[in-house]
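Throughout, numbering of the chain's residues begins at 1 and tracks the sequence. Please read all numbers here as calculations on a predicted model, not as lab measurements.
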Amino acid sequence: MAMRITILAVGKIKEKFFREALEEYGKRLSRYCRLEIIEVLDEKTPDHAGEALKAQILQKEAERILGKISGDAYVITLEILGKELDSVSFSGMLQQLGVTGKSQIVFVIGGSLGLHESVSRRADRKISFSQMTFPHQLMRVILCEQIYRGFRIMNGEPYHK
């Protein structure tokens with residue numbers, strides 16, 4: 001059974017070049033897994049939103065995210081405070097999940113405010129790509145590239161360093 005990988009992300013991708021990059025990685029990944037990208041609606045955040053409004057926004061986004069995660073999914077959230085991995089370790093993580101029968105992996109990318117604590121609590125693993133902040137649209141492309149790189153490493157296939 002092929003591994004199923006879902007990228008569950010808050011917000012739509014508006015930029016054509018990001019969509020094209022995701023389509024390209026989707027094609028490349030089709031050799032290794034079934035990739036699905038699910039977008040949930042993001043809440044508009046006013047420029048000077050207070051903490052109470054931010055908490056409400058995160059809660060609404062969390063309900064949408066959690067509503068898309070099945071009970072048996074292995075959930076990996078992308079969070080600044082998550083564990084940083086190099087590409088070889090990331091590949092090893094994917095391989096280990098496959099070996100242990102975790103066939104449904106869901107990567108969660110939050111919106112502009114991040115993730116509500118309820119989503120973070122649902123995570124089986126929290127990873128960070130950097131302490132820097134990236135636009136969530138770009139993060140999807142970076143994540144797809146790393147998943148692709150991970151499968152190439154796992155299969156002993158060449159990949160530029």
Side-chain angles (χ1 to χ4, degrees), residues 1-23 25-26 29-30 32-85 89-90 93-94 96-98 100-151:
M1 180 168 71
M3 187 179 279
R4 290 178 16 236
I5 295 180
T6 301
I7 297 174
L8 181 51
V10 174
K12 290 215 168 298
I13 292 205
K14 296 166 189 75
E15 296 85 354
K16 184 175 185 240
F17 54 91
F18 285 141
R19 285 196 312 268
E20 288 171 348
L22 290 170
E23 286 171 21
Y25 281 112
L29 281 164
S30 67
Y32 306 104
C33 67
R34 284 189 20 225
L35 177 70
E36 179 181 26
I37 297 177
I38 299 174
E39 297 174 335
V40 297
L41 186 67
D42 58 338
E43 290 291 312
K44 298 295 171 242
T45 306
D47 285 345
H48 302 291
E51 291 308 309
L53 181 56
K54 287 180 182 177
Q56 274 183 327
I57 289 168
L58 283 171
Q59 177 64 46
K60 283 182 185 171
E61 291 176 349
E63 288 167 9
R64 292 178 188 135
I65 290 167
L66 293 170
K68 299 284 185 189
I69 298 174
S70 66
D72 60 343
Y74 187 89
V75 178
I76 302 170
T77 52
L78 275 59
E79 305 184 34
I80 282 181
L81 297 177
K83 180 173 174 40
E84 287 191 30
L85 303 171
S89 300
F90 184 83
M93 175 192 74
L94 289 176
Q96 186 61 36
L97 290 171
T100 56
K102 305 281 191 246
S103 61
Q104 174 59 42
I105 300 168
V106 178
F107 287 94
V108 180
I109 302 173
S112 58
L113 297 176
L115 293 169
H116 187 268
E117 61 189 22
S118 61
V119 178
S120 190
R121 280 196 306 269
R122 173 60 181 88
D124 295 292
R125 186 174 207 143
K126 301 169 180 69
I127 62 172
S128 172
F129 276 67
S130 171
Q131 291 187 21
M132 294 180 186
T133 303
F134 297 104
H136 54 262
Q137 297 95 331
L138 178 58
M139 197 60 235
R140 285 184 226 178
V141 176
I142 294 170
L143 176 58
C144 282
E145 190 280 334
Q146 283 300 302
I147 293 168
Y148 176 66
R149 184 182 295 263
F151 278 109

Exercise. Identify the heavy atoms of Phe107 and Ile147 that sit nearest to each other, and give their distance.
Key: CE1-CD1, 3.8 Å
Quiz item: Hey, what do you get for CE (Met3) to NZ (Lys102), rounding to the nearest 0.5 Å?
Solution: 11.0 Å
Quiz item: Does NZ in Lys126 sit with more than 12 non-hydrogen atoms of other residues, nucleotides or ligands closer than 6.0 Å?
Solution: yes
Quiz item: Can you name the closest pair of heavy atoms from Ile80 and Ser128 and give their distance?
Solution: O-OG, 3.4 Å
Practice problem: Just do the side-chain contact (heavy atoms from CB on, under 4.5 Å) check on Ile142 and Met139 with the steps written out, would you? | Solution: CA-CA 5 Å; Ile142 294 170; Met139 197 60 235; 3.8 Å; yes
Practice problem: To the nearest 0.5 angstrom, please state how far the CD1 atom of Ile65 sits from the CD1 atom of Ile69. | Solution: 7.0 Å
Practice problem: Evaluate the side-chain proximity of Ile127 to Leu78: yes if any heavy-atom separation is below 4.5 Å, no if none is. | Solution: yes
Exercise. Of all the heavy-atom pairs spanning Ala21 and Val141, show the shortest one and how long it is.
Key: CB-CG1, 3.9 Å
Practice problem: Specify the closest pair of heavy atoms between Thr77 and Ala123, including all atoms of both residues, with the distance to one decimal. | Solution: OG1-CB, 3.5 Å
Quiz item: Hey, is the main chain of Leu41 close enough, under 3.5 Å, to the side chain of Arg64 for a donor-acceptor pair?
Solution: yes
Exercise. Using only heavy-atom distances, determine whether the side chains of Ser70 and Gln104 contain a donor-acceptor pair under 3.5 Å.
Key: no
Quiz item: Given side chains that start at C-beta, do those of Leu22 and Ile7 come closer than 4.5 Å, heavy atoms only?
Solution: no
Quiz item: Got a second to check how far Ser118's OG is from Glu63's CD, nearest 0.5 Å?
Solution: 8.0 Å
Quiz item: Between Tyr25 and Leu35, is any pair of side-chain heavy atoms under 4.5 Å apart?
Solution: no
Self-check item: Short N-O contact, Arg140 and Glu39, less than 4.0 angstrom
Solution: yes
Quiz item: Below 4.5 Å, heavy atoms only, C-beta onward: do Glu61 and Asp42 meet side chain to side chain?
Solution: yes
Exercise. Measure the CD-CG distance between Gln131 and Leu81 for me, rounded to the nearest 0.5 Å.
Key: 8.5 Å
Practice problem: Evaluate the criterion side-chain contact (heavy atoms from CB on, under 4.5 Å) for residue pair Leu143 and Phe129; output intermediate values, then yes/no. | Solution: CA-CA 9 Å; Leu143 176 58; Phe129 276 67; 3.8 Å; yes
Quiz item: Any side-chain heavy atom of Leu97 sitting closer than 4.5 Å to one from Ile76?
Solution: yes
Self-check item: Taking every non-hydrogen atom, the tightest pair across Gly150 and Leu94
Solution: CA-CD1, 4.5 Å
Self-check item: Pairwise distance CD(Gln56) to CG(Leu113) - rounded to 0.5 angstrom
Solution: 12.0 Å
Quiz item: With a 4.5 Å heavy-atom cut-off, do Ile37 and Ile13 have their side chains touching?
Solution: no
Quiz prompt | Lys/Arg N to Asp/Glu carboxylate O, Arg19 vs Glu23, below 4.0 Å | solution = no
Self-check item: Gln59: which of His116, Glu43, Lys54 passes side-chain hydrogen bond (donor to acceptor under 3.5 Å, both in side chains)
Solution: His116
Exercise. Could you tell me which non-hydrogen atom of Leu29 sits nearest to which non-hydrogen atom of Tyr148, and how far apart they are?
Key: CD2-CA, 3.6 Å
Quiz item: When rounded to the nearest 0.5 angstrom, what distance separates NZ in Lys68 from CD1 in Ile38?
Solution: 6.5 Å
Exercise. Could you walk me through whether Tyr74 and Thr100 pass side-chain contact (heavy atoms from CB on, under 4.5 Å), step by step?
Key: CA-CA 11 Å; Tyr74 187 89; Thr100 56; over 6 Å; no
Quiz item: Below 4.0 angstrom, N of the basic side chain to O of the carboxylate: do Arg122 and Asp124 qualify?
Solution: yes
Quiz item: Is Leu115 close to Glu79 at the side-chain level, that is, under 4.5 Å between some pair of heavy atoms?
Solution: yes
